[in-house]
Amino acid sequence: MPELPEVQTIVDYLNHHVLDIFIKKTIVHLPKILKNKTPQEFEKLLINHKIVKIKRLGKYLLFFLSNNLVLSVHLRMEGKFYYQAKEEWFNLAHTHIIIEFNNGMQLRYNDTRQFGTFHIYEQQSFLDSKELKKIALDPLDNNFSAQYLYEKLKKSNKAIKTALLDQSVVSGIGNIYADEILFAAKIFPTILAKNLTLKNYEKITKEAQRILLLSIKNKGTTIHTYKFGNDETGLFQKMLLVHTHAKEPCQICGTIIQKTKVNGRGTYYCPNCQN
DNA sequence: CAGCGAACCTGAGGGC
DNA sequence: TGCCCTCAGGTTCGCT
């Protein structure tokens, strides 16, 4: 499901709604979402504590708790959070975890495909965890640069699109934005990363930052099921130039947009602009 | 280590 | 209406 702009939108929304409220109870309908705790341990660790701050690391949401623990959540393809009154209807079939606050509201984790993950770590060591330690800088990080990307990829035999999807190279970019970034940078998706120049990486970096920021401004991209807050959708899908536009004329040059598979992922490109 | 497909799941949509 | 196939904002595992 969500990539950097969608996760950032969800983090921004939740930071405005769920901070500094005591957690009253938790309900876990699908224990396998909790990867390193039992439902009993999960409740014991959260109850009578508060969420102090929520941050994003790549595509992970990090909930910092008042007891110096960190709840790290990955939404994978379809994970969603709803913040609703406990009386309000919800889809029982796909709501797997509920955190209820003492103000009568519930934070509900909904995930049709059940791919999402919850981990709880100590605040001083969460970055050492197996999943989080490999997350590279994202393009909006102050320390990110074209030089950084170039150094990481100048010997890589991967297709540039595959490299951009590798979260240990650059984090936050997924299938939609990889296509849009390479289109904007006029780079063919299957070119090997090692064959690109620093100048190419400067273009990729610049376009990645522009596109991701523009998408955050538009609350992300809703193609299938991504939602944030109380069932709101993003708007950036209206600004996609290649992704989902197979068989349509390119808005820049009129050539028909092609769809293919790169590393098993649907990939859209303009054979003229990205030649 | 690279590269590839399968696996994890459910549901929507198209073709017949 | 129903069946079968493909596809889906992601990641990890296991095989060659």
Side-chain angles (χ1 to χ4, degrees), chain A residues 1-11 29-36 56-61 72-81 91-96 109-119 129-136 138-139 152-153 155-183 190 192-194 208 211-212 214-216 218-228 232-247 259-268:
Chain A
M1 161 217 181
E3 308 177 35
L4 187 154
E6 292 76 36
V7 176
Q8 188 63 53
T9 299
I10 294 164
V11 166
H29 288 122
L30 189 65
K32 72 166 183 178
I33 300 285
L34 304 178
K35 298 301 177 184
N36 68 348
R56 179 184 59 73
L57 177 66
K59 299 175 191 170
Y60 285 86
L61 295 93
S72 102
V73 174
H74 198 300
L75 304 168
R76 295 290 178 95
M77 298 290 262
E78 304 235 19
K80 284 175 271 298
F81 278 110
N91 186 341
L92 190 58
H94 301 302
T95 300
H96 307 312
Y109 179 71
N110 174 299
D111 186 348
T112 306
R113 293 176 73 179
Q114 308 177 7
F115 287 170
T117 63
F118 280 45
H119 288 86
S129 64
K130 188 167 172 274
E131 327 81 65
L132 299 180
K133 72 180 177 193
K134 71 172 90 161
I135 300 299
D138 71 55
K152 281 217 164 199
L153 292 176
K155 291 177 184 167
S156 170
N157 286 307
K158 284 182 182 150
I160 182 59
K161 167 150 181 188
T162 304
L164 292 180
L165 293 178
D166 183 342
Q167 303 298 299
S168 68
V169 170
V170 49
S171 69
I173 296 173
N175 205 35
I176 296 174
Y177 298 103
D179 283 354
E180 294 300 311
I181 290 163
L182 289 175
F183 173 75
T190 56
L192 298 188
K194 67 177 177 187
I211 288 168
L212 295 172
L214 184 61
S215 182
I216 291 172
N218 285 277
K219 310 288 186 192
T221 300
T222 298
I223 296 176
H224 294 106
T225 61
Y226 154 75
K227 302 271 183 67
F228 70 94
E232 295 184 66
T233 62
L235 296 172
F236 194 73
Q237 62 276 11
K238 293 175 184 167
M239 300 180 202
L240 296 176
L241 294 180
V242 283
H243 197 88
T244 72
H245 289 297
K247 298 179 184 173
K259 183 183 181 189
T260 182
K261 280 210 169 180
V262 177
N263 199 36
R265 312 298 304 277
T267 297
Y268 301 80

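Chain naming here is simple, since letters A, B, ... match the order of the sequence lines and numbering starts at 1 in each. Model, not experiment: these values are computed from the prediction.
- Residue-level contact check: T222(A) touches the bases, meaning some heavy atom is under 4.0 Å from a base atom.
- Here the separation of dG10(C) from dC1(B), taken at their P atoms, is 25 Å to the nearest Å.
- Listed for the T267(A) side chain is a donor-acceptor partner under 3.5 Å among the backbone atoms of R265(A).
- The separation of dT6(C) from dG5(B), taken at their P atoms, amounts to 14 Å, rounded to a whole angstrom.
- Between F115(A) and dC8(B), a base-stacking contact is recorded: ring centres under 5.5 Å apart, planes less than 30° from parallel.
- In this view, H245(A) satisfies the ring pair (Phe, Tyr, Trp, His ring centres under 6.0 Å) rule with no residue, not counting sequence neighbours.
- Proximity of K130(A) to the phosphate of dC13(C): a side-chain N or O atom is located under 4.0 Å from OP1 or OP2.
- Along DNA chain C, the nucleotide nearest Y268(A) and the nucleotide nearest Q167(A) are compared for position; the residue whose nucleotide lies closer to the 5' end is Y268(A).
- In this structure, K261(A) places its NZ atom 12 Å from C1' of dC4(B), rounding to the nearest Å.
- Rounded to an integer number of Å, the gap from CD of E6(A) to C1' of dG10(C) is 13 Å.
- At a threshold of 4.0 angstrom between heavy atoms, the contacts of T112(A) are confined to the sugar-phosphate backbone, with no base atom among them.
- Comparing dC5(C) with dA6(B), their P atoms are spaced 14 Å from each other, to the whole Å.
- With respect to K161(A) and D179(A), a salt bridge is recorded, a charged nitrogen being found less than 4.0 Å from a carboxylate O.
- Using the Watson-Crick or G-U wobble rule with both distances under 3.5 Å, dC9(B) pairs with nothing in any strand shown.
- For H74(A), a side-chain nitrogen or oxygen approaches OP1 or OP2 of dT11(C) to under 4.0 Å.
- Using a distance-only test at 3.5 Å, with no hydrogens or angles considered, no donor-acceptor pair links the side chain of N263(A) to the main chain of T162(A).
- Distance CG (L192(A)) to P (dA2(B)): 13 Å, rounded to an integer number of Å.
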